[in-house]
Amino acid sequence: QLQLVESGGGLVQPGGSLRLSCVASGSTLDSYVFGWFRQAPGKEREEVSCISGRGHDTNYLDTVKGRFTISRDNAKNTVWLQMNSLKPEDTAVYFCAAAWRQLADICLVGKIPYDFWGQGTQVTVSS
């Protein structure tokens, strides 16, 4: 079983930056694809980014491309989401998720069924 704990959320002004962290425990991570999701009030949860098992492949939702960057360090059991140029529409609870894959070399947003989830961290973008 994999346990995931997110941190790094908070209140930031439009145009600002935040870096979310997801610390995993319970297994080595090379065979896990990770994704970051968000869910705003009254909206469906959406996957904003994913990263392959060793970090060689990443994918992004169109609305965050060029602003968000996902990365990972398996030695530190950590996945990050760097969010720049934040907009009020980025306000949501952000979740980290992981999926064990026999072939973990690729990922595609919206196409992977995730098995493990964190508890979420609130991101609020407001002036």
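Here the structure is a predicted model, which is why all the values come from computation and not from measurement.
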Residue pairs involving residues 93-106 (criterion side chain to side chain donor-acceptor pair (under 3.5 Å); sequence neighbours excluded):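 Qualifying pairs, neighbours excluded: Arg38-Tyr94.
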Check against side chain to side chain contact (heavy atoms under 4.5 Å, CB included), Ser49 and Leu81: CA-CA 8 Å; Ser49 185; Leu81 184 68; 4.3 Å; yes
[X] to [Y] - nearest heavy-atom pair and separation:
X: Thr91; Y: Gln122; answer: CG2-NE2, 4.0 Å
X: Phe34; Y: Ile70; answer: O-CD1, 4.2 Å
X: Ala99; Y: Asp115; answer: CA-OD2, 3.8 Å
X: Gln39; Y: Lys43; answer: NE2-O, 3.2 Å
X: Asn77; Y: Ser27; answer: ND2-O, 4.2 Å
X: Pro14; Y: Ser127; answer: CD-N, 3.7 Å

Joint cluster assignment, Tyr60 & Val125, ILVMFWY side-chain distance < 4.5 Å: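 The answer is yes; both residues are in one hydrophobic cluster.
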Hphob cluster co-occupancy, Met83 + Val23, side-chain heavy atoms under 4.5 angstrom: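 No, no single cluster joins them.
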ILVMFWY cluster membership beyond Leu108 - transitive side-chain contacts under 4.5 angstrom: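 Its cluster mates, by chain and number: none.
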Hydrophobic cluster partners of Val93 (side-chain heavy atoms under 4.5 Å):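 Direct or chained contacts put Val93 with Val33, Phe37, Phe95, Ile112, Tyr114, Trp117.
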Separation between NE2 of His56 and CZ of Arg72, rounded to the nearest 0.5 Å: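 Here the interatomic distance stands at 10.0 Å.
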Nearest-0.5 Å distance, OG of residue Ser52 to CG of residue Asp30: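 Taking OG in Ser52 and CG in Asp30, the distance rounds to 10.5 Å.
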Close side-chain approach of Leu86 and Gln13, heavy atoms under 4.5 Å: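 They are not in side-chain contact.
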Non-hydrogen side-chain atoms of Leu20 and Glu6 separated by less than 4.5 Å: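 No, too far: nothing below the 4.5 Å cut-off.
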With sequence neighbours excluded, residues passing salt bridge (Lys or Arg N to Asp or Glu O under 4.0 Å) with Arg19: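 Applying salt bridge (Lys or Arg N to Asp or Glu O under 4.0 Å) to Arg19 gives none.
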Residue pairs involving residues 57-90 (criterion disulfide (SG to SG under 2.5 Å); sequence neighbours excluded):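 Counting only pairs at least two positions apart or across chains, no disulfide (SG to SG under 2.5 Å) contact touches residues 57-90.
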Pair listing, disulfide (SG to SG under 2.5 Å) test, anchored in residues 3-92, at least two apart: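 Output for this query lists Cys22-Cys96, Cys50-Cys107.
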With [X], which residues qualify under side-chain contact (heavy atoms from CB on, under 4.5 Å), at least two apart?
X: Ser126; value: Leu11, Thr124
X: Asp73; value: Ala75, Lys76, Trp80
X: Glu44; value: none

Glu89 atom CD, over 12 foreign heavy atoms within 6.0 Å: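 Check passes, neighbour count above 12.
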Over 12 foreign heavy atoms within 6.0 Å of CD1, Ile106: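 Atom CD1 in Ile106 is not packed in, count stays at 12 or less.
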For Phe68, all residues meeting ring-ring contact (aromatic ring centres under 6.0 Å, His included), sequence neighbours excluded: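 By the ring-ring contact (aromatic ring centres under 6.0 Å, His included) rule, Phe68 matches no residue at all.
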Counterpart residues, side-chain hydrogen bond (donor to acceptor under 3.5 Å, both in side chains), relative to Ser17 (two or more places apart):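 For Ser17 the side-chain hydrogen bond (donor to acceptor under 3.5 Å, both in side chains) partners, ignoring immediate neighbours, are Asn84.
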Selection residues 61-70 - residue pairs positive for salt bridge (charged side-chain N to carboxylate O under 4.0 Å, His left out), sequence neighbours left out: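 Checked against salt bridge (charged side-chain N to carboxylate O under 4.0 Å, His left out) - neighbours excluded - the pairs reaching residues 61-70 are Asp62-Lys65, Arg67-Asp90.
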Side chain to side chain contact (heavy atoms under 4.5 Å, CB included) assessment of Glu47 paired with Leu61: CA-CA 7 Å; Glu47 186 174 11; Leu61 189 68; over 6 Å; no
